[in-house]
Amino acid sequence: MPDTEDTVPGFATLAVRAGQQRTLESEHAEPIFPTSSYVFESAAAAAARFSGEQPGNIYSRFTNPTVRTFEQRLAALEGGERCVATASGMAAIYATCAGLLQSGDHLVSSRSIFGSTTLLFNNYLQKFGISTTFVAQDDVSAWEAAIRPETRLLFLETPSNPLTEVADIHALSELAHASDCLLVVDNCFCTPALQRPLALGADIVIHSATKYLDGQGRCVGGAVVGREDVVGEGVYGFLRTCGPTMSPFNAWVFLKGLETLAIRMQAHCASAQRLADWLQAQPAVERVYYPGLASHPQHELAARQQSAFGGIVSFDLKGGQQAAWELIDATRVCSITANLGDTKTTITHPATTTHGRLTQEQRAQAGIADGLVRVAVGLESIDDLCADLARGL
Ligand SMILES: *Cc1c(COP(=O)(O)O)cnc(C)c1O
């Protein structure tokens, strides 16, 4: 038996236990604190709280016990010093940029990122004098060439949405640090159950908690994880003043989601692998994108930096948009919706939904073909999912 004083808790233990502080009611499950503000014992105590002399809760835009439990649990799972929870995944990305960058700064981003993130960088950060250069996710020399003296952040998602391109987190972290930049990784597709970017050298991890952290498609939320001096000061400072904070109800749902994260991810990955293998054998399918396939260009890299290959499978149909729409419309089990990371399998046509607001040229550059279909594999029986897709193939 290991010495109980010295053992570091395992991932599954942290997922169930980290961050919980029981109240005087001795509750077993984590409570929800739906309160907008907190009371003080006296006028002097209020003054001491507001001045920062005495730590403690003041107002739920600043701190809330349920939100804090979620933050501490996710920080433990990612191996980060500090986590701040946000109202959505986009709020996490925006708070990171707004908190850490200023006018005149530059960022280098993978061009294979979530559609709204591209719009945030192009339409909104640009407006405040922060410019972005987009590069190919898998080309380290393109990242290097794009870095300028005023570059502050490198941003990527790996595996990317929807083409599952894998970036080399360690190589890009060395590049970032050699140029005094921070590496920001959107870890939405893997979650800490499959990949821990901070251990690979990244400085900040972003989450859309809406996806696998919730795991059952109920709430919208996000998080930023990293060092205290970066996330605790820059990002939290922005958040408490500017306001896109997480509600305690949502934090509670995400906390419960974290408790089953590891076993859900194992099941998503196992079914996704089987679906990808099956799709590869279908004559109507041009190409399958899944890091678990030996044919995936970064299969080896994915095997090195992830513990499994994820739950998202995308594929190009030979028949273009018409074939893609017919396949989607023929399904009876899959849900036609743009969300992912749910127990229910979802099916999406990226070119006309999640990536529909990009220009034709931006889509072509990102490799989003008209015949591309994305499946976020849920927890139904895999045979039923294959049969469901077979209907429209
Ligand atoms: C959904 C998503 C986001 C945005 O998260 P929201 O919670 O919808 O704001 C960011 N990155 C990735 C990879 C996503 O899938």
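Throughout, numbering of the chain's residues begins at 1 and tracks the sequence. Being a predicted model, the structure only gives us computed values, none of them experimental. Atoms within each ligand, like the ligands themselves, are counted from 1 in listed order.
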**Item:** L340 and its side-chain contact (heavy atoms from CB on, under 4.5 Å) partner, picked from T354, I312, V377, T345
**Value:**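 Exactly one candidate clears the test, I312.
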
**Asked** Does F254 have K211 sitting over its ring (NZ/CZ under 6.0 Å from centre, angle to axis within 45°)?
**Response**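 Not flagged: K211 not positioned over aromatic ring of F254.
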
**Message:** Tell me whether R49 forms a cation-pi arrangement with F40, defined as NZ or CZ under 6.0 Å from the six-membered ring centre and within 45 degrees of its axis.
**Reply:**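 Pair R49/F40 does not count as cation-pi.
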
**Message:** With side-chain hydrogen bond (donor to acceptor under 3.5 Å, both in side chains) as the criterion, how do S307 and Q195 come out once you've worked through the C-alpha distance, each side chain's angles and the decisive distance to 0.1 Å?
**Reply:** CA-CA 6 Å; S307 62; Q195 169 174 276; over 6 Å; no

**Request:** Flag yes if V67 and V253 sit in one hydrophobic cluster, no otherwise; membership is Ile, Leu, Val, Met, Phe, Trp, Tyr, and two members link when side-chain heavy atoms are under 4.5 Å apart.
**Result:**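 Result: no, two separate clusters.
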
**Prompt:** Centres of the Y212 and H207 rings: under 6.0 Å?
**Reply:**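 Y212 vs H207: aromatic centres not under 6.0 Å.
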
Enumerate, one pair per line, all nitrogen or oxygen atoms of ligand 1 lying under 3.5 Å from a protein nitrogen or oxygen, stating the separation to 0.1 Å; write 'none' if no such pair exists.
residue: ligand 1; atom: 5 (O); partner: S208; partner atom: OG; Å: 2.9
residue: ligand 1; atom: 7 (O); partner: G89; partner atom: N; Å: 2.8
residue: ligand 1; atom: 7 (O); partner: S208; partner atom: OG; Å: 2.8
residue: ligand 1; atom: 7 (O); partner: T210; partner atom: OG1; Å: 2.6
residue: ligand 1; atom: 9 (O); partner: G89; partner atom: N; Å: 3.0
residue: ligand 1; atom: 9 (O); partner: M90; partner atom: N; Å: 2.8
residue: ligand 1; atom: 11 (N); partner: D186; partner atom: OD2; Å: 2.6
residue: ligand 1; atom: 15 (O); partner: K211; partner atom: NZ; Å: 2.7

